[in-house]
Amino acid sequence: MALFTLGLLLLGASNASAAVTGNKTNTVSPVAQNCGPESANIVCIQKYGSVLPPSFYRDADPTVGYSGTEVPDDPSWKLVSTADFVVFDQNRGLELLGKTPKIQHKYLEVLNVIHEAPIYVPSLNKLFVTQDGPPGNLTNLMIDLNTDPPTINTFVTNPPVYQPTGGILHNNTIYWAIQGNNVSLPGGVQQRPGVVRVNPSTLEAEWLVNNYYGFFYGGLNDLTVDRFGDVWFTDSDYALGLGVSNMSNQNQLATYRFTPSTGETVVVEDTLAHPNGITFSRDGKTLYITDSGLETVGPDASKGAGNFYDYPIRIYFTSTNKRNVYAFDVNRTPSNGVYLSNKRSIFQSLEGSPDGIKVAANGYIVIGAGLSNGADIVDENGSVLARIQTNHPVENICWTGPELKTLYLVGIGGITRVDWDLAGPDPNNYFVD
Ligand SMILES: *[C@@H]1O[C@H](CO)[C@@H](O)[C@H](O)[C@H]1NC(C)=O
Ligand SMILES: *[C@@H]1O[C@H](CO)[C@@H](O)[C@H](O)[C@H]1NC(C)=O
Ligand SMILES: *[C@@H]1O[C@H](CO)[C@@H](O)[C@H](O)[C@H]1NC(C)=O
Ligand SMILES: *[C@@H]1O[C@H](CO)[C@@H](O)[C@H](O)[C@H]1NC(C)=O
Ligand SMILES: *[C@@H]1O[C@H](CO)[C@@H](O)[C@H](O)[C@H]1NC(C)=O
Ligand SMILES: *[C@@H]1O[C@H](CO)[C@@H](O)[C@H](O)[C@H]1NC(C)=O
């Protein structure tokens, strides 16, 4: 029924645009049309919408998503705002969605704070999700996928850990990037940011690193583990911005490599404005890091109040700053040690700022849109294939389920579930040759 109505709208749209754009021969028209299976509201964009009727306008505020673009002279554009999936590359985009893609918006209810670090533990069939706030809260979420619908349980690790905000499963163990900095936590708990390892069955937590030669970290944002067991993490200043640290950073924002067996930490990358999400390609030869530089941490805790967040935060936006995904070659040689080279910008986020980043089984990359609603799917070289549109901001994503074809998108004020054909990598056998 809904699809039929949209079809009619589309017919009207193409006639209208033909008339309006009669003297602009190369305008893509209609720019949007329904496509693909009917199990979800899928909209294909012709030629990436590369030539729009020139009255188009998009507010530069990074929280205004791609679908917030106004294209008044092409009524077909209206399809974009209500789409579940937007497809740019019709072959690869529709293929990854599969025959019966499905989205369940705000599938699970959560507090109106940032949710992060979704980590699937196949042996338990549980999804661990962390909560960036409220300040002082030591609780995180464990979503039991063995029940239908899933059950959300809260948990506190032993010892309690404050504000993990990134992480990955490695060798059936959770590795968390911890951003909380607070020496007056409930129960006398004192903490500095760093890396913690958690046994998902016993919830026992073990600290691996919490300082750089006596300096505090600003607040680790995300991490990944390479096939040699080294932990690569980004250090940021969001902890201060979100009120889970009262300390200004003591070091530049940078990306580090930590070796658990020796305890040594070295800086590997210091050119990104705001290093954020981090992940390896399946062969371990490429490292992807997102730069959410358009977000800066400001002096006054006011942004977000009454808007997308339940309490004041200090995050400001400058749309002309970086919102890119960078790729690096990873080198490990007997003569020159471990280093990154060949930095290249492979993607500028369509909206928001690129946040959590994960690689699918086949090498495609899925990137959370940060404080904007959705996630983008790009190929290994950053070519945009499709996007998922949610009704809440998406900070990070994780595949779950027996075939790893159920994606959970976590962020602020809700968790969305997508079932599609794009499978995730086996978390315990991530690296392939
Ligand atoms: C060109 O298109 C505009 C509407 O977009 C219309 O007002 C104008 O009359 C057209 N000009 C010609 C020469 O067709
Ligand atoms: C802390 O987080 C838990 C889990 O979401 C929630 O149930 C609890 O209400 C929170 N406590 C406070 C004081 O916000
Ligand atoms: C994997 O974890 C087990 C215990 O959980 C440990 O004995 C083993 O050394 C770990 N392997 C690696 C490669 O870290
Ligand atoms: C530290 O924890 C206390 C709870 O004991 C909380 O009231 C305070 O807001 C927290 N501050 C920061 C910066 O995390
Ligand atoms: C941060 O909080 C601690 C404990 O609540 C306090 O001792 C310290 O002075 C605070 N630091 C700053 C920079 O406000
Ligand atoms: C990515 O670029 C490399 C180098 O040009 C090329 O070999 C590879 O096929 C490209 N991958 C895709 C998915 O297009």
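Index from 1, following the sequence. Just so you know, ligand 1 is whichever comes first in the structure, and atom 1 is the first atom listed for that ligand. Small disclaimer: the values here were computed from a predicted structure and weren't measured.
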For atom 11 (N) of ligand 4, is the nearest protein heavy atom closer than 4.0 Å?
yes

Within-cutoff protein neighbour (heavy atom, under 4.0 Å) for atom 14 (O) of ligand 6:
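Yes.
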
With Asp230 as reference, evaluate Thr224, Thr262, Thr259 under the side-chain hydrogen bond (donor to acceptor under 3.5 Å, both in side chains) test and give the passing residue.
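Only one of Thr224, Thr262, Thr259 forms a side-chain hydrogen bond (donor to acceptor under 3.5 Å, both in side chains) with Asp230, namely Thr259.
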
Heavy atom of the protein closest to [atom] (residue, atom name, distance):
| atom | value |
| --- | --- |
| atom 3 (C) of ligand 4 | Ser184 O, 3.6 Å |
| atom 2 (O) of ligand 4 | Asn182 ND2, 2.5 Å |
| atom 9 (O) of ligand 6 | Glu380 OE2, 4.6 Å |
| atom 7 (O) of ligand 4 | Pro135 O, 4.8 Å |
| atom 5 (O) of ligand 2 | Gln131 OE1, 2.5 Å |
| atom 6 (C) of ligand 4 | Gly136 CA, 4.0 Å |

In terms of atom number and element, which parts of ligand 4 are under 4.0 angstrom from non-hydrogen atoms of [X]?
| X | value |
| --- | --- |
| Asn246 | 13 (C) |
| Tyr162 | 12 (C), 14 (O) |
| Val244 | 13 (C), 14 (O) |
| Ser245 | 13 (C) |
| Gly243 | 12 (C), 13 (C), 14 (O) |

Is the backbone N or O of Leu124 less than 3.5 Å from a side-chain atom of Asn146, with the two atoms forming a donor-acceptor pair by type?
yes

Thr130 side chain to Pro164 backbone, donor-acceptor under 3.5 Å
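Yes; at least one donor-acceptor contact below 3.5 Å.
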
Considering only heavy atoms of Thr154, which atoms of ligand 2 have at least one such atom less than 4.0 Å away?
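Taking each heavy atom of Thr154 in turn, ligand 2 has 4 (C) under 4.0 Å.
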
Which of the numbered atoms in ligand 2 are under 4.0 angstrom from any heavy atom belonging to Asn137?
1 (C), 2 (O), 3 (C), 8 (C), 10 (C), 11 (N), 12 (C), 14 (O)

Between Leu185 and ligand 4, which residue portion shows a heavy-atom distance shorter than 4.0 Å: side chain, backbone, both, or neither?
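Looking at Leu185 and ligand 4, atoms from backbone and side chain both fall under 4.0 Å.
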
Assess whether atom NZ of Lys405 is packed by more than 12 heavy atoms of other residues, nucleotides or ligands within 6.0 Å.
yes

What class does the angle between the rings of [X] and [Y] fall in, given that below 30° is parallel, 30 to 60° is tilted and above 60° is perpendicular?
| X | Y | answer |
| --- | --- | --- |
| Tyr256 | Tyr217 | perpendicular |
| Tyr48 | Phe88 | parallel |
| Phe155 | Trp176 | parallel |

Let's go through Glu204 and Asn158 carefully: what are the C-alpha distance in whole Å and the side-chain angles of both, what is the deciding distance for side chain to side chain donor-acceptor pair (under 3.5 Å) to 0.1 Å, and is it a yes or a no?
CA-CA 5 Å; Glu204 271 163 29; Asn158 175 30; 4.8 Å; no

Looking only at the aromatic ring of each residue, does the gap between the centers of Tyr238 and His274 stay below 6.0 angstrom?
yes

Provide the number and element of each atom of ligand 6 under 4.0 Å from a heavy atom of Asn381.
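Near Asn381, meaning under 4.0 Å from one of its heavy atoms, ligand 6 has 1 (C), 2 (O), 3 (C), 8 (C), 10 (C), 11 (N), 12 (C), 14 (O).
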
Could you note down all residue pairs passing salt bridge (charged side-chain N to carboxylate O under 4.0 Å, His left out) where residues 274-295 supplies at least one of them, sequence neighbours left out?
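Matches after skipping sequence neighbours: none remain.
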
State, to 0.1 Å, how close Val64 and Glu351 come at their nearest heavy-atom pair, and which atoms those are.
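Minimum heavy-atom contact is O-CB, 4.3 Å.
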
